Amino acid sequence: GENVEQHPSTLSVQEGDSAVIKCTYSDSASNYFPWYKQELGKGPQLIIDIRSNVGEKKDQRIAVTLNKTAKHFSLHITETQPEDSAVYFCAGSGSARQLTFGSGTQLTVLP
Amino acid sequence: NAGVMQNPRHLVRRRGQEARLRCSPMKGHSHVYWYRQLPEEGLKFMVYLQKENIIDESGMPKERFSAEFPKEGPSILRIQQVVRGDSAAYFCASATGTGGLSGANVLTFGAGSRLTVL
């Protein structure tokens, strides 16, 4: 089955700086890679996703890049704000129609 | 659109009791997934269901755990004879099941049910 590794586990940045979170996946059949943001006591919320026929996708301050050859994808958040502080999860679809999640990154944006 | 509704939000059970967690998918969604999240860990897949049908239960423990998604009503995750290790947040997600162009379902998660076993 699919295995998704996520790094770093914790990340602290100054407000206004950029944050980058990286994930690798094992199943070459994976074709869908979403990113979720989870705030304390809440459920994961989809913030951006990318499919394997695209190398990069951007939505305002958030962008995701995908390298199928190397089997890794990354989340980029620019001009970080305190409200970006949360746990971020990457996921891969694998060969089944269910998502395998990474272990999460606790992002803290320092004012 | 009320989103994915889970209840109860918090549930406390003593060892040996039963826990029932309910999930109503988003309107128009016919696919339901259950995930478990242990404290400070990621989300682990448990089971994937369509109406009246279990599609994939490869992540669900063989004993004490069961799930259903009847023709009418919410999906139910049932845990019999709970033990302390069952304490976790249980998240339900729903999807349309159409899978988009590449066949993968976009999941929308509920707020979760937090089970505490004393």
Side-chain angles (χ1 to χ4, degrees), chain A residues 1-10 21 23-25 27-55 57 64 66 68 73 86-107, chain B residues 2-7 9-10 21 23 25-26 29-50 53-60 67 88-114:
Chain A
E2 175 68 282
N3 182 45
V4 177
E5 301 280 342
Q6 182 172 348
H7 300 280
S9 57
T10 61
I21 303 171
C23 290
T24 60
Y25 63 98
D27 190 343
S28 56
S30 283
N31 54 23
Y32 174 62
F33 306 92
W35 285 87
Y36 284 83
K37 175 183 180 182
Q38 186 177 28
E39 296 175 329
L40 194 62
K42 297 184 178 180
Q45 180 182 13
L46 179 68
I47 56 172
I48 195 167
D49 57 12
I50 191 167
R51 297 190 184 268
S52 58
N53 56 343
V54 175
K57 184 177 179 180
V64 57
L66 171 65
K68 286 180 60 181
F73 56 112
V87 179
Y88 291 80
F89 292 99
C90 62
S93 59
S95 52
R97 290 194 177 193
Q98 43 104 338
L99 296 176
T100 298
F101 283 82
S103 55
T105 297
Q106 173 69 63
L107 173 65
Chain B
V4 178
M5 302 302 292
Q6 289 189 249
N7 66 83
R9 291 294 312 278
H10 300 276
L21 309 178
C23 170
M26 284 183 68
H29 286 194
S30 59
H31 294 232
V32 165
Y33 300 75
W34 286 93
Y35 282 80
R36 176 164 63 179
Q37 186 176 39
L38 294 170
E40 299 190 15
E41 291 191 12
L43 296 138
K44 303 298 183 187
F45 168 76
M46 298 182 73
V47 62
Y48 166 30
L49 311 103
Q50 294 178 32
N53 198 15
I54 297 175
I55 305 302
D56 181 354
E57 56 182 350
S58 60
M60 199 143 74
Y90 292 84
F91 288 97
C92 168
S94 71
T96 60
T98 57
L101 293 174
S102 57
N105 286 323
V106 178
L107 304 188
T108 300
F109 280 85
S113 292
R114 283 155 181 82

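Just so you know, these numbers come straight off a predicted model, no measurement behind them. Only heavy atoms go into these numbers, but all of them, side chains included; no hydrogens, no water, no symmetry mates. Order of the sequence lines sets the chain letters (A, B, ...), proteins ahead of strands, with each chain counted from 1.
- Between the side chain of A:Thr105 and the backbone N or O of A:Pro8, at least one donor-acceptor pair lies under 3.5 Å.
- A search for salt bridge (Lys or Arg N to Asp or Glu O under 4.0 Å) contacts involving A:Glu5 returns nothing, not counting sequence neighbours.
- For A:Asp27, the salt bridge (Lys or Arg N to Asp or Glu O under 4.0 Å) criterion is met by no residue, not counting sequence neighbours.
- Most heavy-atom pairs under 4.5 Å with chain B: of the set A:Gly41, A:Pro34, A:Gly102, this distinction falls to A:Gly41.
- Residue A:Pro44 touches chain B through both its backbone and its side chain, counting heavy-atom pairs closer than 4.5 Å.
- Contacts of A:Gln45 with chain B are absent, with no heavy-atom separation under 4.5 Å from either backbone or side chain.
- Using a 4.5 Å cut-off between heavy atoms, B:Gln37 touches chain A through its side chain atoms alone.
- Heavy-atom minimum distance, B:Val106 versus A:Arg51: CG2-NH2, 3.4 Å.
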